[in-house]
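Notes follow once the structure below has been shown.
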Amino acid sequence: MSKLDEIGAWLRHRLADLLAENRVPGAAVAVCAGGETIDAAAGVLNTATGVEATVDSLFQIGSITKVLTATLAMQLVDEERLDLDAPVRTYLPEFRIADERAAERITVRQLMCHVAGFEGDIFTDTGKGDDCVEKYLGVLHEVPQLFEPGEMFSYNNAAYCVLGRIVEVVRGKPFDACMRTHLFVPLGLTHAANDPYEAIIHRAAVGHVEQTPGGPLGPARVWALARSNAPAGSMLAMRPRDLLAFARMHLAGGLGPDGGSVLSPASVRAMQQPQIGLPDIDQGTAWGLGWELFDLPGGRVFGHDGNTIGQSAFLRVVPGRDVAVAIVTNGGSPRRVYTEIAGRVLRELGGVEPPGQPTPDPSAPPLDASRYVGTYTSSTSETTVSQDEEGRLWLERVPTGITAELDDAPYRTELVAWRGDALLPVEPERGVRAPLAFLGDDGTGHAMYLHNGRADRRVPA
């Protein structure tokens with residue numbers, strides 16, 4: 001039995017129990033090594049209906065969609081119809097944000113690697129028509145600029161909606177049509193859906209969320225976020241085997257399953273080149289053109305995660321070993337499921353050692369609370385860091401905007417020392433203890449940004 005077959009047998013034996021341990025209603029997994037692929041599924045797609053998950057079930061892949069959007073853009077680079085270093089206004093003269101000076105200078109490349117610098121969590125619904133991405137650009141006119149373009153990394157959903165609009169304009173057709181014509185068809189994706197109307201033809205998963213904070217999981221009230229955010233990951237659903245077909249194209253230097261060219265080898269390489277380093281928050285090392293890059297003991301890994309309403313997806317690729325794993329889930333604590341499955345795949349097939357879980361540093365000096373205390377805001381949350389009478393630091397995050405509308409729960413935890421200006425929450429959020437970095441200086445010794453992948457700006461006192 002090959003190592004891949006051993007993992008397949010382990011998955012079929014272990015997956016159902018792993019889901020139950022982490023309150024995940026259902027999941028599907030696919031793993032490829034060389035020219036072989038195995039897959040497995042367990043649980044249910046919807047706890048209200050009891051429909052079982054299968055390996056052909058569709059789950060939303062969330063922000064993994066961004067890598068497909070970046071690939072669509074790089075195809076245009078191959079055709080010499082798109083220049084990554086040209087200003088966005090070269091292709092979208094109507095592109096406006098609150099900072100006119102920044103809007104003039106932001107480039108296509110800066111959109112792709114999350115350094116454009118404007119507020120990125122804008123999920124306004126502009127309708128279900130083919131013009132929804134075009135209309136979305138008008139929503140951005142008052143969006144603030146958080147920092148100078150190119151200055152730092154801050155994950156930006158809105159930037160990818162703008163990138164999707166560039167693809168639409170250059171191709172002269174709606175984003176979904178671009179996705180189907182230029183990726184679904186040449187990759188032979190038979191179980192992939194751009195929207196609920198396509199997904200309903202297949203066995204499709206429903207997201208699950210806590211009905212009350214800490215309470216039981218139930219089906220989410222809505223299936224997807226707004227179509228206007230489709231290029232960023234609000235809609236796309238597929239089975240994990242089809243997601244691996246996309247990853248295998250990147251492993252094969254841009255060749256599709258029939259040997260035809262989907263993307264040039266030069267563009268495949270360019271997407272995997274570091275564009276910006278990430279803060280020390282226990283995520284990747286750097287970001288490329290779409291891909292998140294991880295420098296791990298044993299070699300480089302690239303991939304992306306995705307989260308929508310009650311659904312989470314994970315994709316990891318080891319280019320040096322021709323190995324990839326895709327995991328799709330519909331609720332609960334999926335990060336623990338990912339950690340166990342991807343950890344074994346990366347270790348045994350990929351020859352790389354995944355990072356351990358971050359733990360507090362007991363030898364760290366006392367925290368300088370004055371640097372961290374304050375209120376930090378974004379369009380989706382308000383986070384307050386305070387110090388109690390005993391000198392302990394506390395973080396409290398209150399959802400605002402669309403996250404409040406979707407009943408996202410408030411979050412409160414103590415913060416303890418981890419590494420430098422990165423602090424560690426004592427209480428996990430959705431099963432994860434993710435470090436938070438405090439960056440910059442407001443001129444009075446206070447951090448300017450609270451960074452958890454996105455840079456939330458300090459509110460002036």
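Fair warning: this is a prediction, and the values are worked out from it, not measured in the lab.
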Can you name the side chain to side chain donor-acceptor pair (under 3.5 Å) partners of Thr90, sequence neighbours left out?
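With neighbours one apart ignored, the set is empty.
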[X] side chain to [Y] side chain, donor-acceptor N/O pair below 3.5 angstrom:
X      : Y      : result
Thr380 : Ser378 : yes
Lys66  : Thr69  : no
Tyr411 : Arg397 : no
His208 : Thr47  : yes
Gln357 : Arg433 : no

According to salt bridge (charged side-chain N to carboxylate O under 4.0 Å, His left out), who are the partners of Asp99, at least two apart in sequence or on a separate chain?
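Scan of Asp99 (salt bridge (charged side-chain N to carboxylate O under 4.0 Å, His left out), adjacent residues dropped) gives none.
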Measure from the side-chain N and O atoms of Thr329 to the backbone N and O of Ala27, and report whether any donor-acceptor pair falls under 3.5 Å.
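Side chain of Thr329 to backbone of Ala27: no pair is present.
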Salt bridge or not between [X] and [Y]? Use side-chain N to carboxylate O under 4.0 Å.
X      : Y      : result
Arg23  : Glu210 : yes
Arg335 : Asp305 : yes
Asp242 : Arg239 : yes

What orientation do His114 and Tyr155 show, parallel under 30°, tilted 30 to 60°, or perpendicular over 60°?
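Answer is parallel, since the angle falls under 30°.
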Heavy-atom closest contact (Pro231 atom, Tyr160 atom, distance):
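Where Pro231 meets Tyr160 most closely, the heavy atoms are CB-O, 3.3 Å.
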